[in-house]
Amino acid sequence: MRTRTAVALALLLALAACADGDERPELQPDGPSPTSEPAQPPTDGPETPGPTPEPTVAPLDWRDTGVEAGTRYVRGTDWEAVVDAGGSRVELRDGDRSVTVAAGRGRRISEVLMSEDWAVVVRQDRAETAPSLVVAVDLATGERRDVTTPPAASGGSWALSGGDLHYPTYGDDGAYCLATAALADSNGEDGWCAPSRSGFSGLTASEHGVGLMTFDDARPVACRTVNLLQAGVPQPVEGPSGCLAWDVAATADGAVWSEVPRPRRQEEAVVHADADGTVVDLGPGTTGTVTPCGDSVFFVRDPQSADEPARLMRWTPDHTLEVAYESSSTGNAFLGEPTCGGGVLTVASFGDEGDEHVWARVMP
């Protein structure tokens with residue numbers, strides 16, 4: 001639930017930390033394979049990308065959120081979450097029912113995630129010296145419970161799918177590890193840990209799997225690898241160019257990922273999809289915006305000319321590329337990072353013709 005500016009800044013700071021030799025992996029953002037060996041371009045796998053398919057204009061049934069475009073907001077199937085401007089509290093609402101979670105002294109609301117049955121609120125230490133505090137809310141009952149095992153690292157990347165929460169923690173000797181908590185029974189455990197002088201970011205999760213970007217401390221630019229979890233261990237996706245990938249999300253028969261061809265323009269990416277072993281070039285996209293939701297994967301495409309709008313693109317299960325949303329402004333326009341709450345997608349649009357904050361159900 002962060003803005004594109006905040007995400008880009010965090011990743012750029014992390015890259016700078018890598019170049020300076022900072023040993024804290026969570027401050028370095030770009031990736032190695034799950035082994036300690038440097039990532040190499042794949043020798044086999046999906047074929048060379050084909051031409052970009054012509055997208056079909058197929059807008060979702062968008063509705064106004066009722067809050068300003070700059071407000072941190074997540075919409076779920078029944079509940080909605082609104083974070084105040086200072087990040088000091090979040091209100092969860094469903095008609096007459098409401099649950100308020102305060103950040104507490106010296107903390108801020110850093111993440112709000114929602115699935116069909118759960119909402120998760122992360123309360124980060126403003127000084128980033130103490131572990132994050134995590135509250136899970138059972139949306140059926142409104143009951144709150146703390147997620148304490150294993151303890152959460154400060155900051156980092158988070159993802160929620162169904163009742164499973166994925167987040168960073170610290171293992172033995174300060175290793176940066178991936179934790180998974182089953183919210184229904186408060187059972188959490190740490191799993192795979194990044195090798196020394198490496199880390200991970202860009203977590204995504206859906207019914208099709210968990211994706212993450214791993215990175216090392218290569219100079220002047222860290223080497224990035226996109227992975228899907230298999231038996232709890234990241235496995236590199238076949239198809240991306242060596243060290244250039246950024247975002248990744250699992251699909252029913254492969255994955256969608258982005259690549260950054262020019263290191264100095266890290267906000268500009270080219271998005272690809274693996275469709276049953278065939279790589280499809282989905283065209284330009286914006287890093288940090290690949291979002292699985294419902295049965296599809298979405299990503300943002302900034303205006304490609306002065307007379308084009310910003311677009312939210314959709315890659316569907318039947319391998320079609322669609323335009324799910326277009327901004328009313330052209331040229332000087334952009335979309336915020338989409339958020340998904342249990343099959344409901346929310347996106348904010350900014351531009352000269354006015355801002356907009358809307359939500360839509362991905363599947364009926």
Side-chain angles (χ1 to χ4, degrees), residues 1-13 15 49-65 67-73 202 221 240-241 244-249 256-273 279-291 293 296-316 319-340 345-360 362:
M1 213 178 133
R2 294 169 290 179
T3 64
R4 279 172 48 188
T5 301
V7 172
L9 178 60
L11 290 174
L12 287 171
L13 288 174
L15 284 170
T52 303
E54 186 66 29
T56 301
V57 178
L60 297 174
D61 182 16
W62 296 102
R63 305 179 185 184
D64 186 16
T65 63
V67 299
E68 293 184 359
T71 304
R72 295 171 61 196
Y73 177 91
V221 179
S241 302
L244 298 183
W246 196 282
D247 307 279
V248 64
V256 172
W257 70 89
S258 67
E259 297 182 17
V260 178
R262 293 184 293 175
R264 296 184 181 275
R265 301 298 299 271
Q266 291 176 351
E267 74 282 2
E268 298 179 1
V270 178
V271 182
H272 302 279
V279 174
V280 181
D281 184 349
L282 303 184
T286 304
T287 53
T289 66
V290 172
T291 304
C293 195
S296 302
V297 175
F298 297 82
F299 64 93
V300 169
R301 177 177 294 172
D302 286 339
Q304 301 299 295
S305 65
D307 59 354
E308 285 193 14
R311 295 183 169 99
L312 182 66
M313 311 302 294
R314 178 183 188 180
W315 179 246
T316 70
H319 304 161
T320 60
L321 183 63
E322 298 178 350
V323 179
Y325 173 84
E326 292 186 342
S327 65
S328 56
S329 301
T330 58
N332 186 22
F334 72 93
L335 307 184
E337 179 183 357
T339 60
C340 182
L345 196 67
T346 304
V347 67
S349 172
F350 305 86
D352 295 339
E353 299 299 320
D355 301 338
E356 190 175 36
H357 206 174
V358 294
W359 66 272
V362 176

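Between Trp257 and the options Val297, Val279, Leu244, a side chain to side chain contact (heavy atoms under 4.5 Å, CB included) holds for only Val279.
Residues Val270 and Ser258 have side chains not in contact (no heavy-atom distance under 4.5 Å, counting atoms from C-beta outward). Between Val248 and Val290, every side-chain heavy-atom pair lies at or beyond the 4.5 Å cut-off. Between Pro338 and Thr289, the closest side-chain pair of non-hydrogen atoms falls below 4.5 Å. Contact of the Thr291 side chain with the Thr339 side chain is not registered, since no non-hydrogen atoms from C-beta on lie closer than 4.5 Å. Within the 4.5 Å cutoff, the side chain of Val323 has heavy atoms near those of the Met313 side chain. Taking 4.5 Å as the limit, every side-chain heavy atom of Leu321 sits out of range of all side-chain heavy atoms of Val280. The shortest distance between side-chain heavy atoms of Val67 and His357 falls below 4.5 Å.
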Inset, instruction - Verify side-chain contact (heavy atoms from CB on, under 4.5 Å) between Leu60 and Val358, making sure each step is shown before the conclusion. - result: CA-CA 10 Å; Leu60 297 174; Val358 294; over 6 Å; no
Legend entry - CA sep, side-chain torsions, deciding dist, call: Thr286, Arg301, side-chain contact (heavy atoms from CB on, under 4.5 Å): CA-CA 6 Å; Thr286 304; Arg301 177 177 294 172; 5.9 Å; no
Inset, instruction - Go through His272 and Asp281 one step at a time and tell me if the side-chain contact (heavy atoms from CB on, under 4.5 Å) criterion holds. - result: CA-CA 5 Å; His272 302 279; Asp281 184 349; 4.1 Å; yes
Legend entry - side-chain hydrogen bond (donor to acceptor under 3.5 Å, both in side chains) between Thr287 and Glu267, worked out: CA-CA 5 Å; Thr287 53; Glu267 74 282 2; over 6 Å; no
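Nearest heavy atom pair, residue Ala269 against residue Pro261, reads CA-CD, 4.5 Å. Pro284 and Gln304 get closest at one heavy-atom pair: CG-OE1, 3.5 Å. Among all heavy-atom pairs drawn from Ala333 and Pro303, the shortest one is O-CD, 3.2 Å. Summarising the geometry of Val256 relative to Ala273, their closest heavy-atom pair is CG2-CB, 4.0 Å, with the distance given to 0.1 Å. Shown here for Gly285 and Val271, the closest heavy-atom pair between the two residues is CA-CG2, 3.9 Å.
Inspection of the Thr56 and Glu322 side chains reveals no N or O donor paired with an N or O acceptor under 3.5 Å.
Under a 3.5 Å cut-off, the side chain of Glu268 and the backbone N or O of Arg265 do not form any donor-acceptor pair.
Under the 30°/60° scheme for interplanar angles, the aromatic rings of Phe350 and Phe334 are found to lie parallel.
Between atom CZ of residue Arg314 and atom CG of residue Leu282 there is a gap of 14.0 Å, rounded to the nearest 0.5 Å. Atom OG of Ser329 is separated from atom CG of Asp352 by 5.5 Å, given to the nearest 0.5 angstrom. Rounded to the nearest 0.5 Å, atoms CZ (Arg311) and OG (Ser349) are 12.5 Å apart. Distance CG/Leu335 to CD/Glu356: 10.0 Å, rounded to 0.5 Å. One distance of note links CD of Glu259 with CG of Asp247; it measures 11.0 Å at 0.5 Å rounding. Here the straight-line distance linking atom CH2 of Trp359 with atom OG1 of Thr65 works out to 10.0 Å at 0.5 Å rounding.
Residues satisfying the ring-ring contact (aromatic ring centres under 6.0 Å, His included) criterion with Trp62, sequence neighbours excluded, are Tyr325. With sequence neighbours excluded, no residue satisfies ring-ring contact (aromatic ring centres under 6.0 Å, His included) with Phe298.
By the neighbour-count criterion of 12 heavy atoms within 6.0 Å, atom CD of Glu68 is sparsely surrounded, having that number or fewer from other residues, nucleotides or ligands.
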